[in-house]
Amino acid sequence: MSDFVIVNEVGPRDGLQSQGKTLSIEERLLMIDALLDSGIRSIEAGSFVSPKAVPQMAGTGELFGLLPMTDAVDYSALVPNLRGYELALAAGVRSVAVVLSATETMNQRNINMSLEQATDVCAALMQRARQDGVQARAYVAVAFECPFEGLTPPPVVEYLSQRMFESGADKVIIADTIGAANPRSVRQVLERLDSAGMARQLSCHFHDTRGMALANVLAALEWGVREFDSSIGGLGGCPFSPGATGNLATEDLVLMLAGMGLRTGIEPLALVDVVKRVQALTGTPLGGHSYRWLERQAGKRQGVSHA
Ligand code: COA
Ligand code: ZN
């Protein structure tokens, strides 16, 4: 099995969308520059959603026009509907992610669609992306628990994932939107998806609300998952899910993977500087479980190089 793991940084989207402070386009670009400096090469850079619903993401089209473009970086954008997809395409986006929540209420709250409508819209967008040669990811959100409807039945996650793959999704992202999963529930879902032949094309998106995100990553690694979303410094939340706090911190994910001998192309100590730069931009105290330790190690290294 591959020893390379894709770390998809979602701080510029999932992280920023729930911040009280709305960053300017220039500040969002500075954040992305900092991420690129650490070796991160997969970034969800923003979303094409209603600026009334998520003002923090206004101007994502302009942002895409200003990103340092290179084939070495996969910049993606979240799109909730056809309108968002077309705006993304017009802005030059080549990689999109749709968001399909596993419950009726979550779809209503998040994108004002029923579960059935959202499934059809997301399936149509996956087909469209495939025709346009655009890379397509599909989030299955609240895949473990919904803040409105409680525990999510794994067969629903299997059905929705299957629909997304059949419609042309390159990847399905199993998302624990409110950070309620544990290794057992992760295994239950992934076992089903593996039996249906899907585990290796999955990515997982964990929030660290209850401190279990890394344990959940380990459970997913054991099922062959080799792509994870994370957010620098643990920035994040979801404005439409009460109780959702920050994402799994990128530095925690990268440090654990490095320690396990898995490659990500990202140097864990380089993330200290990124956390500091993003903290200064957002004005939010940041840092995952390992941050203090990483900061000390980075300090020692600097001390050595200055000696
Ligand atoms: N991007 C920008 N504007 C959009 C849009 C998009 N993708 N889709 C719709 N709009 C605009 C419409 O033009 C309309 O504008 P107006 O009021 O100035 O005429 C307004 O939004 C309402 O359009 P409508 O089609 O009725 O949408 P809605 O009110 O049912 O809202 C969404 C649907 C999807 C646009 C909205 O719920 C949304 O943006 N949700 C984002 C959720 C999100 O980002 N969640 C976090 C990530 S999981
Ligand atoms: Zn999230």
Side-chain angles (χ1 to χ4, degrees), residues 4-17 19 21-48 56-57 59-78 88 91-97 134-135 137 170-171 173 203 205 226-236 246-258 262-284 286-288 290-291 294-295 297-298 301-302 305:
F4 191 83
V5 178
I6 297 174
V7 172
N8 182 43
E9 169 66 42
V10 296
R13 195 278 301 170
D14 208 357
L16 291 185
Q17 74 182 9
Q19 293 300 296
K21 179 180 173 197
T22 296
L23 268 58
S24 66
I25 301 295
E26 196 177 26
E27 289 168 324
R28 288 163 70 185
L29 277 171
L30 287 172
M31 175 175 181
I32 290 170
D33 276 343
L35 294 163
L36 292 171
D37 285 349
S38 72
I40 290 171
R41 291 295 175 264
S42 182
I43 301 177
E44 195 169 271
S47 57
F48 289 85
Q56 297 89 335
M57 290 291 106
T60 294
E62 190 188 339
L63 175 83
F64 264 84
L66 297 167
L67 288 174
M69 276 302 169
T70 148
D71 286 344
V73 185
D74 170 17
Y75 295 111
S76 60
L78 185 144
V93 174
R94 305 304 304 156
S95 182
V96 296
V134 168
Q135 189 182 322
R137 291 184 177 93
D170 295 296
K171 273 237 159 86
I173 309 173
S203 169
H205 175 110
R226 290 293 180 270
E227 179 169 333
F228 295 93
D229 285 358
S230 62
S231 170
I232 191 71
L235 186 71
N247 291 73
L248 163 62
T250 304
E251 61 274 24
D252 287 344
L253 175 64
V254 168
L255 184 65
M256 185 177 90
L257 294 173
L262 293 161
R263 294 179 303 116
T264 61
I266 305 160
E267 159 59 41
L269 292 187
L271 293 171
V272 171
D273 183 50
V274 188
V275 171
K276 287 189 174 144
R277 285 155 75 182
V278 174
Q279 197 163 259
L281 288 165
T282 58
T284 305
L286 294 177
S290 62
Y291 179 68
L294 282 169
E295 200 182 22
Q297 302 312 305
R301 181 179 280 189
Q302 252 182 356
S305 64

Run L255 and S290 through side-chain contact (heavy atoms from CB on, under 4.5 Å) and show every step you take.
CA-CA 8 Å; L255 184 65; S290 62; 3.6 Å; yes
Quick one: do L257 and R263 satisfy side-chain contact (heavy atoms from CB on, under 4.5 Å)? Show the steps, please.
CA-CA 7 Å; L257 294 173; R263 294 179 303 116; over 6 Å; no
One pair to check against side-chain contact (heavy atoms from CB on, under 4.5 Å): D273 and D37. What are the steps and the verdict?
CA-CA 9 Å; D273 183 50; D37 285 349; 5.8 Å; no
Trace of the side-chain contact (heavy atoms from CB on, under 4.5 Å) decision for S231 with E9:
CA-CA 5 Å; S231 170; E9 169 66 42; 4.2 Å; yes
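From M256, atom CE reaches atom OG1 of T264 across 11.5 Å, with rounding to the nearest 0.5 Å. One finds the CD1 atom of I32 at 11.0 Å from the CD atom of E44 (value rounded to the nearest 0.5 Å). Within the model, atoms CZ of R277 and CG of L30 stand 8.0 Å from one another, a figure rounded to the nearest 0.5 Å. Remark: R28 CZ to L66 CG distance equals 10.5 Å, nearest 0.5 Å. From I6, atom CD1 reaches atom CZ of F228 across 11.0 Å, with rounding to the nearest 0.5 Å. To the nearest 0.5 Å, atoms CD1 (I232) and CD (Q279) are separated by 10.5 Å.
Scanning both residues, S230 and A249, for their nearest heavy atoms gives CB-C, 4.2 Å. The minimum heavy-atom distance linking L271 with S38 is given by the pair CD2-OG, 3.5 Å. The two residues Y291 and L286 come nearest to each other via the heavy atoms CD2-O, 4.3 Å. The minimum heavy-atom distance between V272 and A298, with the atom names listed, is CG2-CB, 4.1 Å. Annotation for V134 and V93: closest pair CG2-O, 4.4 Å, computed over non-hydrogen atoms.
Under the 4.5 Å side-chain criterion, counting only non-hydrogen atoms from C-beta, L78 is not in contact with V10. Under the 4.5 Å side-chain criterion, counting only non-hydrogen atoms from C-beta, L16 is in contact with M31. Looking at heavy atoms from C-beta onward, T22 lies out of side-chain contact with M57 at the 4.5 angstrom threshold. Taking the side chain as every heavy atom from C-beta outward, L235 and N247 never approach each other to under 4.5 Å.
Checked by atom type and distance alone, the side chain of E27 pairs as donor or acceptor with a backbone atom of S24 at under 3.5 Å. Between the side chain of Q19 and the main chain of Q56, no donor-acceptor pair closer than 3.5 Å is present. Judged by distance alone, the side chain of Y75 and the main-chain N or O of P68 form a donor-acceptor pair under 3.5 Å. For the pair K21 (side chain) and L281 (backbone), a donor-acceptor distance under 3.5 Å is present.
In this view, E267 and R301 satisfy the salt bridge (Lys or Arg N to Asp or Glu O under 4.0 Å) rule, not counting sequence neighbours.
Ring pair F64/F48 is tilted by interplanar angle, where 30° to 60° counts as tilted.
Side-chain N/O atoms of S47 and Q17 include no donor and acceptor closer than 3.5 Å. If you check the side chains of S95 and D74, you find a donor sitting under 3.5 Å from an acceptor. Checking T60 against R13 by side-chain atom types alone, no donor-acceptor pair falls below 3.5 Å.
A salt bridge does not link D229 to R137: none of the charged nitrogens lies less than 4.0 Å from a carboxylate oxygen.
With V274 as reference, L35 is the one residue of L35, I266, T250 to meet the side chain to side chain contact (heavy atoms under 4.5 Å, CB included) rule.
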